[in-house]
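The chains referred to below are lettered A, B, ... by the order of the sequence lines, with proteins before strands, and numbering in each begins at 1. What you are looking at is a predicted structure, and each value in this text was computed from that prediction instead of being measured.
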Amino acid sequence: MTIIDIPEGWPADEARALAVQDELRARVVLDETGPEPGTGTVAGVDVAYDDVRGVVAAAAVVVDARTLTVVEESTAVGKVAFPYVPGLLAFRELPAVLAALRSLTRAPGLVVCDGYGRAHPRRFGLASHLGVLTGLPSIGVAKNPFVFGHGELGPHRGDTAPLRADDGEEVGRALRTQPGVKPVYVSAGHRTALDTACAHTLLLAPRYRLPETTRRADRLCREALAAAVL
DNA sequence: GCGACAG
DNA sequence: ATCTTGTCGC
């Protein structure tokens with residue numbers, strides 16, 4: 001377990017955070033297909049908080065994309081760097097997540113984030129931000145809808161419904177990963193196409209609604225938070 | 001102005 | 001995110 005360090009110049013207020021998003025948004029790469037589903041390694045990242053103590057813990061769990069076997073794990077703990085503000089989640093979660101990713105032995109082929117990428121008010125959600133900062137292909141898989149609604153989708157595993165922006169662009173997709181169960185919300189983050197993102201998500205969730213990567217990362221960061229003594 | 005609002 | 005009991009079902 002490593003200690004989190006707040007990156008130099010990390011925004012301390014909403015106005016600066018918005019400015020950072022506006023600048024970094026131009027660096028997102030959306031014309032790459034992304035890693036072949038079922039190949040290489042995939043990292044899941046998640047964060048847990050203790051707002052009373054002001055402590056945050058992050059975890060990164062890397063699995064083999066084909067077998068879903070855990071290849072490596074890492075955690076990081078430290079102090080909360082930013083409050084939760086819808087639309088600015090990255091500024092709260094990234095310092096911890098970056099610290100956890102940095103301590104991995106080898107870079108994963110894809111990073112799955114808890115939240116959105118393109119399907120964001122300013123098209124620069126957590127997953128896109130992480131991708132730009134690390135250079136790694138990334139996608140967002142959220143548990144709840146954010147600013148974009150969608151129509152009904154079929155009840156079968158693999159059924160989808162587009163998340164559309166005002167201009168009609170499909171910025172994400174509601175994806176049914178388990179029959180008859182509430183869907184997850186997928187969007188491209190960086191260097192990955194939406195189709196690829198959905199394919200990976202489906203392969204990562206053979207048994208439960210959420211990808212194994214985020215399920216494992218969720219458990220691990222909670223354990224790290226409970227063990228933290230800051 | 002009033003809600004809605006990833007984690 | 002986090003606070004929390006029981007309960008229904010495989």
Can you check whether [Y]'s main-chain N or O pairs, donor with acceptor, with [X]'s side chain at less than 3.5 Å?
X        : Y        : answer
A:Glu212 : A:Arg207 : no
A:Ser128 : A:Gly189 : yes
A:Thr134 : A:Leu130 : yes
A:Ser74  : A:Ala100 : yes

### Task
Please map the stems of DNA chain C, keeping only stretches of three or more Watson-Crick or G-U wobble pairs with both distances under 3.5 angstrom.
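Output for stems: empty, none.
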### Query
How is A:Ala48 classified with respect to the nucleic acid when contacts are heavy atoms under 4.0 Å: base, sugar-phosphate, or nothing?
sugar-phosphate
### Query
Checking all strands, does A:Pro145 fall into the base, sugar-phosphate, or nothing category for heavy-atom contacts under 4.0 angstrom?
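The answer is sugar-phosphate, as A:Pro145 gets under 4.0 Å only of primed atoms, P, OP1 or OP2.
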### Task
Taking heavy atoms of chain A and a 4.0 Å limit, find me the 5'-most and 3'-most nucleotide of DNA chain B within that range.
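Result: B:dC5 to B:dG7.
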### Message
For a quick check under 3.5 Å, do A:Gln178 and A:Arg209 share a side-chain donor-acceptor pair by atom type?
### Response
no
### Task
Give, for atom CG of A:Asp46 and atom SG of A:Cys221, the distance between the pair rounded to the nearest 0.5 Å.
4.0 Å
### Query
Going from CG on A:Leu204 to CG on A:Leu110, what distance comes out if it is rounded to the nearest 0.5 angstrom?
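So the CG of A:Leu204 and the CG of A:Leu110 are separated by 8.0 Å.
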#### Entry: Carboxylate-amine/guanidinium contact A:Lys143 A:Asp114, below 4.0 Å
yes
### Task
Taking only Lys NZ, Arg NE, NH1 and NH2, and the carboxylate oxygens of Asp or Glu, determine whether A:Glu36 and A:Arg66 approach each other closer than 4.0 Å.
no
### Summary
The ring pair (Phe, Tyr, Trp, His ring centres under 6.0 Å) partners of A:His120 (sequence neighbours excluded) come to none
List the atom pairs, with distances to 0.1 Å, where a side-chain N or O of residues 223-230 of chain A and a protein N or O form a donor-acceptor pair under 3.5 Å, not counting sequence neighbours.
none

### Cation-pi check, A:Arg16 onto A:Phe91 ring (under 6.0 Å, within 45° of axis)
no
### Query
Taking the six-membered ring of A:Tyr185, is NZ or CZ of A:Arg173 closer than 6.0 Å to its centre and within 45° of its axis?
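The answer is no; the distance or angle limit is not met.
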## Note on the structure
Residues in residues 84-102 of chain A with a heavy atom under 4.0 Å of DNA chain C, by number, are none
#### Entry: Where protein sits on nucleotides 4-10 of chain C, one letter per nucleotide: B base, S sugar-phosphate only, - none, heavy atoms under 4.0 Å
-------
